[in-house]
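The analysis underlying the following values was restricted to heavy atoms, covering all of them including side chains, and did not include hydrogens, waters or symmetry mates.
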Amino acid sequence: MSDGKSLALSRIESILDDASFVEMQALVTARSTDFGEAEEAPSDGVVIGHGQIDGDLVFIYAQDPAVKNGSIGEMHAKKILSVYDMARKVGAPVIGLLDSTGIRLTESVDALEAIAAIVKKASDCKGEIPEITAVYGSCGGGLSVLTAISDFTFMTKDSRLFINTPDTIPGNSKEACDTASAAFQAESTGAVDDFGTEAEVAETIRDLIGILPSSDREGGRIEEEYTDDLNRAAEGLSDKLTDIAAYAAEIADGRVFVETKKHFAKTMVTGFIRLGGQTVGVVGNSACEKGHFFLTADGVYKAADFVNYCDSMSIPVLSLINAEGYQRKVEAEKNLPGALAALAYAFAEADTPKVSVYLKKAVGTSFLFMDAKSLGSDLVFAYSDTEIAPMAPADAAKLLSADGFDAAAFEAKDCGAANAARRGYIDRILTYPDTRKYLISAFDMLATKEAF
């Protein structure tokens, strides 16, 4: 670097608050002598330490591609392991910046075991502290598993993430399908939450750290100081029922929504907002297949993973529900049962506060899996014009008319939000402008919830 700093250090400093980084174990070097005396390897190719993001303590490491191509050896791995250990001790997030050609061949099985040790340590810390990785160059083979274990993963737009490089896959090539690209990993596999320039990735990581609890010990996250009015009317929500990100932003403090896995399974939206200073996880359905709200296997798995994460960190969950059936494809029949079971289990087992809002449609059995009252939602809200029914009214009318029943009377008496409220499945019918204040009140009331 022209300023004398390593690329790894410059990347770290671009994420952290100015002058807050404290480097640790800077004098560590490789010690393998199997191929003669160990070559000079400053910091053994990885810079580690701690710093702050908007005043929040974080631990961070960055592989240095200028030192042995960022390859992983025994001491390189030990430094990364020490970052996780210290973060776990004090209860703070870990951020890993990956740029490596993989294992250091000259260190043989020591390097192989080092990969497994890092994966094991990240697994041990999962659910205790936030784990964020960002691929800044190359990340392949066994090391790529670390990005899947991490809670949130980002890539710079020109970086590479892969198990096998595209050209080694039979019948494929980089030109045909670049499976290592940021776009593929974000859109097709869901392994990556977002991608962009280095500056954009750094800013996204800062936003995420600012809204997440530091650890599971924190019991969620509440900011005591915020400027948005608790009683602010939500504007134009009736026009945002099919745009979950827009809906979530409108009800959020400062109208800020931090979306996760934004390019993957777009029929399901996940992310974080603040309500009255409290961090809340948002999960909701968007339209697919000619405007229908069908659950898809990828979307359902995405939601299940998100709910599990929120529960592990004691982050309350807000479910924004649009559902009228299941995706009608052969692949869906193969994958949806397992996906729906995973989501049902995630909601049913989650002890964190859970609030659901039925938005436009809640029809048939599909909406139940998005956390209906019977699945464990603590409070359920709807709007007076929300379509709630055991079957799409038009389809039900055909069946009932054939059997001599009055289809119109059925729709009037047994469908709609008022009917569900009479049966106790909806706690309150909201007006659109009052949505924000009632949600803040709901999560405030549930703040002392205990499982029993």
Side-chain angles (χ1 to χ4, degrees), residues 15 50 53 56-62 80-81 83-98 118-136 139 143-155 161 182 185-186 189-195 201-221 257-265 268-274 279-283 298-299 301-317 342-343 346 349-352:
I15 294 173
H50 59 85
I53 292 179
D56 291 328
L57 173 67
V58 299
F59 286 80
I60 192 167
Y61 64 91
I80 293 175
L81 296 177
V83 174
Y84 281 95
D85 285 336
M86 188 61 71
R88 197 179 188 187
K89 285 180 183 178
V90 303
V94 167
I95 302 169
L97 310 183
L98 306 180
I118 294 171
V119 169
K120 170 70 162 56
K121 187 69 70 175
S123 300
D124 291 342
C125 293
K126 194 166 181 65
E128 296 183 13
I129 54 175
E131 299 180 46
I132 299 171
T133 57
V135 181
Y136 274 62
C139 177
L143 184 61
S144 66
V145 176
L146 181 62
T147 65
I149 292 174
S150 296
D151 301 310
F152 307 98
T153 298
F154 303 94
M155 291 179 69
L161 175 62
Q185 293 293 336
T189 73
V192 171
D193 288 270
D194 203 358
F195 60 95
V201 168
E203 188 60 31
T204 301
I205 291 173
R206 289 182 60 87
D207 290 342
L208 193 55
I209 290 293
I211 205 165
L212 293 177
S214 294
S215 74
D216 64 335
R217 308 175 204 171
E218 196 171 328
R221 178 161 183 163
F257 175 54
V258 180
E259 189 171 355
T260 61
K261 295 194 184 305
K262 64 191 300 183
H263 304 285
F264 178 68
M268 190 72 71
V269 176
T270 57
F272 300 99
I273 62 174
R274 285 195 179 94
T279 294
V280 173
V282 174
V283 55
D298 282 347
Y301 275 125
K302 173 180 171 178
D305 287 344
F306 183 77
V307 172
N308 286 331
Y309 177 76
C310 288
D311 188 44
S312 72
M313 289 289 162
S314 300
I315 299 172
V317 176
L343 183 57
E349 290 296 304
D351 295 327
T352 195

**Q** Just by modelled atom types, is the Gly91 backbone N or O under 3.5 Å from a matching donor or acceptor in the Ser214 side chain?
**A** no
**Q** Go through Val317 and Phe306 one step at a time and tell me if the side chain to side chain contact (heavy atoms under 4.5 Å, CB included) criterion holds.
**A** CA-CA 9 Å; Val317 176; Phe306 183 77; 5.6 Å; no
**Q** Apply side chain to side chain contact (heavy atoms under 4.5 Å, CB included) to Cys125 and Val94, showing your working.
**A** CA-CA 10 Å; Cys125 293; Val94 167; over 6 Å; no
**Q** Would Thr153 and Thr133 count as having a side-chain donor-acceptor pair, cut-off 3.5 Å?
**A** yes
**Q** Please lay out, stage by stage, how Asp194 and His263 fare under the test side chain to side chain contact (heavy atoms under 4.5 Å, CB included).
**A** CA-CA 7 Å; Asp194 203 358; His263 304 285; 2.8 Å; yes
**Q** Does some side-chain heavy atom of Asp351 sit less than 4.5 Å from a side-chain heavy atom of Asp311?
**A** yes
**Q** Roughly how far, to the nearest 0.5 Å, is the CE atom of Met268 from the CG atom of Leu343?
**A** 6.5 Å
**Q** Shortest non-hydrogen contact from Asp85 to Lys121?
**A** OD1-NZ, 2.8 Å
**Q** Would you say that Phe154 contacts Ile132 through its side chain, given a criterion of any heavy-atom pair below 4.5 Å between the two side chains?
**A** yes
**Q** Nearest 0.5 angstrom please: Ile315 CD1 to Thr352 OG1, how far?
**A** 7.5 Å
**Q** Any side-chain heavy atom of Val269 within less than 4.5 Å of one from Val282?
**A** no
**Q** What verdict does the side chain to side chain contact (heavy atoms under 4.5 Å, CB included) test give for Ile15 and Ile53, after you've listed the backbone C-alpha separation in whole Å, the side-chain angles of each residue and the deciding distance to 0.1 Å?
**A** CA-CA 7 Å; Ile15 294 173; Ile53 292 179; 3.8 Å; yes
**Q** When rounded to the nearest 0.5 angstrom, what is the spacing between OG in Ser144 and CG in Leu161?
**A** 6.0 Å
**Q** Could you report the tightest heavy-atom contact between Arg221 and Ile209, atom names first, then the distance?
**A** NH1-O, 3.2 Å
**Q** So, for Pro130 and Leu212, which heavy atoms are closest and what is the spacing to 0.1 Å?
**A** CB-CD1, 4.1 Å
**Q** If you compare all heavy atoms of Cys310 against all heavy atoms of Gly281, which two are closest, and at what distance to 0.1 Å?
**A** SG-CA, 4.0 Å
**Q** Using a 4.5 Å cut-off on heavy atoms from C-beta on, say whether the side chain of Gln185 contacts that of Met155.
**A** yes
**Q** Report the distance from atom CD of Glu128 to atom OH of Tyr84, rounding to the nearest 0.5 Å.
**A** 13.0 Å
**Q** So which heavy atom on Arg88 is nearest to which on Ile129, and how close?
**A** N-CD1, 4.1 Å
**Q** Relative to each other, are the rings of Phe152 and Phe272 parallel, tilted or perpendicular (30° and 60° limits)?
**A** perpendicular
**Q** How long is the straight-line distance from OH of Tyr61 back to CG of Leu98, given to the nearest 0.5 Å?
**A** 5.0 Å
**Q** Are Lys120 and Asp124 close enough, and set up right, to give a salt bridge (charged side-chain N to carboxylate O under 4.0 Å, His left out), and what steps lead you there?
**A** CA-CA 6 Å; Lys120 170 70 162 56; Asp124 291 342; 2.8 Å; yes
**Q** Against Asp193, only a single residue in Thr270, Thr260, Asp151 fulfils side chain to side chain contact (heavy atoms under 4.5 Å, CB included); can you say which?
**A** Thr260
**Q** Between atom OG1 of Thr204 and atom CG of Asp207, what is the distance when rounded to the nearest 0.5 Å?
**A** 6.0 Å
**Q** What is the minimum heavy-atom distance between Glu131 and Lys126, and which atoms define it?
**A** OE2-N, 3.1 Å
**Q** Is it the case that the side chain of Lys261 and the backbone of Lys302 share a donor-acceptor pair, with hydrogens and angles ignored and the cut-off at 3.5 Å?
**A** no
**Q** Does Val192 reach the side chain of Phe264, with side-chain heavy atoms less than 4.5 Å apart?
**A** no
**Q** So does Ala304 get a backbone contact from the side chain of Asn308, meaning a donor-acceptor N/O pair under 3.5 Å?
**A** yes
